[in-house]
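Okay, so here's the structure we're looking at.
Within every chain, numbering begins at 1; the chains are lettered A, B, ... in the order of the sequence lines, protein sequences first and strands thereafter.
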There are 2 protein chains.
Amino acid sequence: MDRLTTRAMAERLREAGIPVTLQRLEIARVMLQQPVHLSADQILSAVRATVPETSRATVYNTLKLFREKKLVRELIVDPDRVVFDSNTDPHYHLYDVNTGELTDVSADELRVIGVPQLPPDIELEEVDVIIRVRGKRT
Amino acid sequence: MDRLTTRAMAERLREAGIPVTLQRLEIARVMLQQPVHLSADQILSAVRATVPETSRATVYNTLKLFREKKLVRELIVDPDRVVFDSNTDPHYHLYDVNTGELTDVSADELRVIGVPQLPPDIELEEVDVIIRVRGKRT
DNA sequence: ATTTTTGCAAATGATTTGCATTCAT
DNA sequence: ATGAATGCAAATCATTTGCAAAAAT
């Protein structure tokens, strides 16, 4: 990949307060260059295509780190695998339970009205909306 | 438990087209007598309190069956465990990421506006809303 | 008799962990 | 040197599966 992207990603990590390492940079390129929905395993494969000496544990560590720094979101959509989402704009999801395909629904299109008032000792983390659909029987 | 409840639960299963067995009846009592949010393991424990000769596999089988018959919903809220919800009214959820506590939010209180139009070959399964909150640090 | 349901134990698969090594400061 | 980051393999844990025994029709 071009040096340009590498620089941009490194910059992005530093901004987030994440020390740059080779593996983190590569994971950033896979995840942060454009909005994607990927499982840990897909990310591992993609990263290993370029940096084969990358361990599964590092991918999990890094994704957890990225999540803490709000570079990615963890989507709990399928009981079998977590999906990491690099779209950081407020948005919701449409999920095809047959194919597993995930599509973003922007917060402009969809509104959630009536989120309950929270007591002062409870803070709102986020509101997830998952529109589960089923493509017709194959 | 009183015979009354047993009868009611048996009736409920038959209505759903589920042949009644001892284990299913017991699981129905745990789940369907009142709205609850329980993990498979919690259900297994509760059932074994009364019918100790109950296997984990049967609990999973039965829950899957109940789900197909729309007696319970599967909530994908925590990556580590599926929660089974016996509230069959349309409703949403508030989830405390610290405690794991789940609270229902009725569909009267909360509305989702702008669910995208679906092509005719795609049918809407359901719309999940999870309001993730964080109780102040303990 | 045949089909359904169950229990048990083993298999699976995603994620985590412990620990020794390597890297950065 | 010291602490952070990594790789590796083993551990964990929820869920699933294969199969034989028990129950229902």
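Checked by atom type, the side-chain pair His37(A)/Asn87(A) shows no donor-acceptor distance below 3.5 Å. Checked by atom type, the side-chain pair His93(A)/Asp128(A) shows no donor-acceptor distance below 3.5 Å.
Separating the CZ atom of Arg81(B) from the C1' atom of dA14(C) is a distance of 17 Å, rounded to the nearest angstrom. For the pair Leu44(A) CG and dC8(D) P, the computed distance is 11 Å after rounding to whole Å. The distance from atom CG of Leu13(A) to atom C1' of dA5(D) is 14 Å, rounded to the nearest whole Å.
The side chain of Val82(B) sits closest to dT15(D) out of dT15(D), dA5(D), dT5(C).
Looking at heavy-atom distances under 4.0 Å, Arg56(A) makes contact with a base. In this structure, Thr54(A) reaches the sugar-phosphate backbone alone: every heavy-atom distance under 4.0 Å involves primed, P, OP1 or OP2 atoms, never a base.
Ionic pairing of Glu26(A) and Arg29(A) is present here: one or more N-O contacts between side-chain nitrogen and carboxylate oxygen are shorter than 4.0 angstrom.
For dT5(C), one of the phosphate oxygens OP1 or OP2 lies less than 4.0 angstrom from a side-chain nitrogen or oxygen of Arg24(B).
Here the side chain of Gln42(B) pairs a donor or acceptor atom with the backbone of Ser39(B) at under 3.5 angstrom.
Comparing Leu65(B) and Asp80(A) by the nucleotide of DNA chain C that holds the closest heavy atom to each, the one mapping nearer the 5' end is Leu65(B). Residue-to-nucleotide proximity on DNA chain C shows that, of Tyr60(A) and Pro19(B), the 5′-proximal contact is made by Pro19(B).
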Taking only N/O atoms, report every protein-nucleotides 17-25 of chain C pair under 3.5 Å with atom names and distance.
none

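The nearest pair of heavy atoms linking Ile76(B) to Ile130(B) is O-CD1, 3.7 Å. Smallest separation of non-hydrogen atoms from Gly135(B) and Asn98(B): O-ND2, 2.5 Å.
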